[in-house]
Amino acid sequence: MEELKNQQAAPEAADSEAPLDKNVRLMSPTRMVVRRFFRSKLSILGLVMVISLFLFSFLGPVIYTQWGEIQLDESGKTEYSIAETTYTVNGVEYTLRQTTEKYLKDNFLAPPSAEHILGTDNEGYDIFVRLMYGGRISLTVSFIAVFLITILGVVLGGVAGYFGGAVDNVIMRLSDVLMCLPGVPILLIISTILDASDIDAKYRIYLLMVYLTFISWTGTARLVRGQILSLREQEYMVAAEAMGYSTFRKIFKHLVPNVMPQLIVQMSLSLGSMILYEATLSYLNLGVKAPYAAWGTMINIISTNQDILQNHLNVWVPAGICIVIAVLGFNFVGDGLRDALDPKARR
Amino acid sequence: MADEKVLENVTPVYDDEALAAEYLEKRQQKIEEDFKKPFDPDCILEVRHLRKCFPLKKTITGKVTKELVAVDDVSFKLKAGETLGIVGESGCGKTTTGRAVLKLHQPTAGQIIFNGQDITNFDSKQMRSSRKEMQIIFQDPYSSLPPRSTVGGILSEPVEVHNIVPKDQVKDYVLDLMDKCGLRDYYYERYPHEFSGGQRQRICIARALSVNPKLVICDEPVSALDVSIQAQIINLLKKLQREMNLAYVFISHDLSVVKFISDKIGVMYLGSMMEFGSKEDIFKNPLHPYTKALFSAVPNPDPTQKTERIKLEGDIPSPANPPKGCRFHTRCPYAKEVCKHITPEYREYEPGHFAACHLLNEE
């Protein structure tokens, strides 16, 4: 007790807690994360992959204007076909070779050249240019879908986690039901309906992505709910309650920012899966339809033409590589972010 | 007095159900009478027969089949500028009492009168305006600050939400407040993780005081700190109390700290208030056997002085399954038959000195 009274004489003067020097500044959490992110080579590689794809898709068509997305190369092409007929007359075998020279308007299946960097496809479209436009579609669509999924997931998951009880039950059972729905069969039905209605081929992919959002918000909602369930028991939330903050402020200013790390990782990983999803849809001819380009649609060409699959790799392999780069890039970035945001991995 | 009458009729057989029922009914009547009494105008906080139960088991329909009585029949009064120390073992309901007073837990029964208003049944909207009058400081300075805001953000948010000062003066106000709480101005843009426990607790205090409260619940604010920092924080709390005329409810299990800071002391055991009175009354003339035992356990720094320790047998019973009658009877060295069956009434034995014990009624 004496000690306490002695201290009272000069309580502030004896600041024995040794505060940090004014000039020594610790980094903010965000800056620390950025630093740790850039320490990993794989995440830098992922970032480079993603950024270069973006530049390629969005800046590319602005610079490289030689061909348009749906501009056919009508420089013409001569196609030769040889027909052989064998028949026997009086024991002697004759072979008749007939060469047909056909002059066609479109320059299709041209090999890579200065004119067409990656050649043309079976219609006569420039593959290199279509790759850029396809990237635009794929990236935009997956970003929109992930954005919508995140908003829906954060709002519903946040509300479910914060309020608990009946609200939580309703939202989580709804998500269970949505998780039970088989995605692709329903997608087929919707696609058929879209075919029947006269919606521009360019926009149907967006409608499909809205549907995808509707069935895929559940993962994000569960993640957010779980985080908020544990965070709302933290004492700083009790402090926020004691401060008399509104519920909206408590959820969206105090809880959600603390879920951000997990959310960012989830978003970057689902960007990759959305690109895959979009490619799958386009490949199944459900997404972007000809003449518009998407990476999936460009690969789809091989499903009708064996010859292209075997002899014209330049038509479909670049699109496949683009998909791989995009998905890998987003996954590398996501993994890097996850490691960087993990507070236990302080190195 | 209600229970005296009952006790007169008590035959050697105490487990008479009719008697117990009669006793309970009279007690309930007295509680209801107490609820109707006018509010004490001198007191900033008056708690009457506070009770808080937590459900342990629920049926599917949501009906509670088993509950834990965390706080049972706690009453006290607190004047502006005074400090009430609440002491007791871990799990005796000190924290729950503090939080129930702030309505962070909705009380199951009882009355909380704050600033002349009965706030017990205020909904969260009505509470919001009262929130700035009553604040809380937590035990753990690490988990009670949001990790992703700067100190400036943490301190200016409540000021902005409650419109304490005009928008353009918020920063000056916060810097002034930080200065008062012993925080340097360049901490403004730093994050909580950059600080030590004592400094964080200063931030917590500054946050609690940012809205100019009249009452601050200090929920073991120094338990997580080492002794020299404890002294600094307690002196800071005392200084701020003088400057801002704050009333404190100081919850602690450290008797020496409570003795230093409190004007009044309440002793709790297993959810009930055992004894309540001024610091002098409690320390010099403890009435309740539990208080006596508790104070005999305080280590004495003087080795020449021999203290007689009252040793309590057994462990503290589970609050989910508290003993019948007086809650302390299982460990009380003086327990008698009546203690096992009838809960003693919380009564005023000396002016301003309350206790709940059957032994005191006999003298």
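Quick note on labels: first sequence line is chain A, next is B, and so on, each numbered from 1.
Counting non-hydrogen atoms of neighbouring residues, nucleotides and ligands closer than 6.0 angstrom, the CZ atom of A:Phe214 reaches no more than 12 such neighbours. In this structure, A:Lys250 places its NZ atom where more than 12 heavy-atom neighbours from other residues, nucleotides or ligands lie under 6.0 Å away. In the displayed structure, A:Phe147 atom CZ is contacted under 6.0 Å by at most 12 heavy atoms of other residues, nucleotides or ligands.
A distance of 4.5 Å separates CZ of A:Arg249 from CD of B:Glu157, quoted to the nearest 0.5 Å. For the atom pair A:Asn258 CG and B:Ser149 OG, the distance stands at 7.5 Å (nearest 0.5 Å).
The residues A:Glu241 and B:Arg131 are annotated as salt-bridged, a charged nitrogen and a carboxylate oxygen being separated by less than 4.0 angstrom. Taking 4.0 Å as the cut-off between side-chain N and carboxylate O, B:Arg200 and A:Glu235 do not count as a salt-bridged pair.
In this structure, the portion of B:Arg99 lying under 4.5 Å from any heavy atom of chain A is its side chain and not its backbone.
Chain A forms more heavy-atom pairs under 4.5 Å with one residue of B:Ile154, B:Val211, B:Leu102, B:Leu104 than with any other, namely B:Leu104.
Contact detail for A:Met243 and B:Ser210: the closest heavy-atom pair is CE-OG, 4.2 Å. The minimum heavy-atom distance between A:Tyr245 and B:Arg128, with the atom names listed, is O-NE, 4.0 Å. Looking at every heavy atom in both residues, A:Ala239 comes nearest to B:Phe138 through CB-CE1, 3.5 Å.
Between A:Gln234 and B:Pro146, the closest side-chain pair of non-hydrogen atoms is not below 4.5 Å.
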